Amino acid sequence: MASVGPSAASTQPALPSGPAVFKTIPYAFILPEILCGTWVWILVAATSVSLPLLQGWVMYVSLTSCLISLLLLLSYLLGFHRNSENWKVLDSLYHGTTAILYMSAAVLQANATINSEFSTNAPFNYQLNSAASFFAFLTTFLYILHAFSIYYQ
């Protein structure tokens, strides 16, 4: 005889939709990720790029992850997920992968910051690159927090 206990799907917390996204812990990190990522690519774009290969990767990672996170936030706000467990897996995989890519971009941006210290326009570029490095590491930390909190939920 089968047991009549609660199903596994009913014990899982519901995925938020609408304004509840901003009040639920793993999903509340999406907006700060977007804002900090936007600061990264704005600050990198404002510098005179001394190492285009390094800072090109930083721009690529920050811009694409910002746009994909924005699409993910919009899908949560509009309720496209329909409370499916596949969205949790997609969210965890996306944020985990992006955390790894952002860590590589943050390290490359820190390297570009060190190299810009000795350039001709040193004080201005160094300050912009330092701020971009700070926001890159902060954004990496937010993506890691999001990935682990959704994984352990």
Side-chain angles (χ1 to χ4, degrees), residues 12-119 121-122 124-153:
Q12 294 290 330
L15 292 172
S17 61
V21 170
F22 301 115
K23 298 175 186 171
T24 310
I25 271 301
Y27 308 101
F29 291 130
I30 295 177
L31 192 58
E33 291 165 2
I34 293 170
L35 293 176
C36 290
T38 302
W39 273 111
V40 171
W41 63 266
I42 287 173
L43 289 167
V44 171
T47 64
S48 88
V49 177
S50 58
L51 301 165
L53 187 61
L54 300 181
Q55 290 182 307
W57 176 249
V58 175
M59 287 291 288
Y60 173 75
V61 169
S62 62
L63 191 59
T64 56
S65 60
C66 182
L67 292 176
I68 293 172
S69 293
L70 184 63
L71 289 175
L72 191 62
L73 177 64
L74 288 176
S75 66
Y76 279 127
L77 286 175
L78 298 175
F80 289 148
H81 54 76
R82 309 224 194 284
N83 211 16
S84 172
E85 280 298 310
N86 295 335
W87 278 87
K88 283 188 176 181
V89 173
L90 172 79
D91 195 346
S92 180
L93 288 175
Y94 165 69
H95 281 89
T97 304
T98 306
I100 293 168
L101 293 176
Y102 237 110
M103 179 58 81
S104 70
V107 168
L108 291 176
Q109 180 58 36
N111 185 16
T113 301
I114 292 168
N115 290 337
S116 73
E117 186 175 11
F118 306 111
S119 69
N121 196 5
F124 184 69
N125 280 334
Y126 183 72
Q127 291 170 353
L128 288 175
N129 281 325
S130 295
S133 296
F134 171 77
F135 280 110
F137 281 107
L138 180 64
T139 309
T140 303
F141 180 67
L142 288 170
Y143 276 106
I144 290 170
L145 277 178
H146 189 121
F148 277 119
S149 63
I150 197 78
Y151 178 74
Y152 285 117
Q153 187 181 36

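Heavy-atom basis, side chains included; hydrogens, waters and symmetry copies ignored. Worth saying up front: this structure is predicted, and the values here are computed from it rather than measured.
A 4.5 Å side-chain heavy-atom check between Tyr94 and Tyr143 finds at least one atom pair inside the cut-off. Side-chain contact between Trp57 and Leu101: present, with at least one pair of heavy atoms (C-beta onward) separated by less than 4.5 Å. In this structure, the side chains of Gln55 and Leu108 stay at 4.5 Å or more apart for every pair of heavy atoms. Residues Leu43 and Trp39 form a side-chain contact, since some pair of their non-hydrogen atoms from C-beta on lies under 4.5 Å apart.
Judged by distance alone, with hydrogens and angles left aside, the side-chain atoms of Ser92 form no donor-acceptor pair with the main-chain N or O of Val89 at under 3.5 Å. Side chain of His95 to main chain of Asp91: a donor-acceptor pair is present (N/O by atom type, distance under 3.5 Å, no hydrogens or angles). A donor-acceptor contact shorter than 3.5 Å is absent between the side chain of Ser69 and the backbone of Ile34.
Of all the heavy atoms in Thr38 and Cys66, the pair that sits closest is OG1-SG, 3.3 Å. Scanning all heavy atoms of the two residues, the minimum distance from Ala99 to Ile144 falls at CB-CG1, 3.6 Å. Heavy atoms only, all atoms of each residue included: Ala147 and Gly96 are closest at CB-N, 3.6 Å. Residue Met59 comes nearest to Trp41 through the heavy atom pair SD-O, 3.5 Å, listed as atom of the first residue, atom of the second, then distance. Annotation for Phe29 and Ser149: closest pair CE1-OG, 4.1 Å, computed over non-hydrogen atoms.
Note that CD of Gln127 is 11.5 Å distant from OG1 of Thr113, once rounded to the nearest 0.5 Å. Here the OG1-CG distance, from Thr140 to Leu145, works out to 11.0 Å after rounding to the nearest 0.5 Å. Between the CD atom of Gln109 and the CG atom of Asn129 there is a distance of 5.0 Å, given to the nearest 0.5 Å. Taking CG of Leu67 as the start and CG of Leu72 as the end, the distance is 12.5 Å to the nearest 0.5 Å. Atom CD in Glu33 sits 10.0 Å away from atom CG in Leu138 (nearest 0.5 Å). Going from atom CG of Leu35 over to atom CG of Leu142 covers 10.0 Å, rounded to the nearest 0.5 Å.
For the residue pair Thr47/Asn125, the side-chain donor-acceptor check at 3.5 Å is not satisfied. When only modelled atom types and interatomic distance are considered, Tyr102 and Ser62 share no side-chain donor-acceptor pair under 3.5 Å. Side-chain polar atoms of Thr98 and Ser65 form no donor-acceptor pair below 3.5 angstrom.
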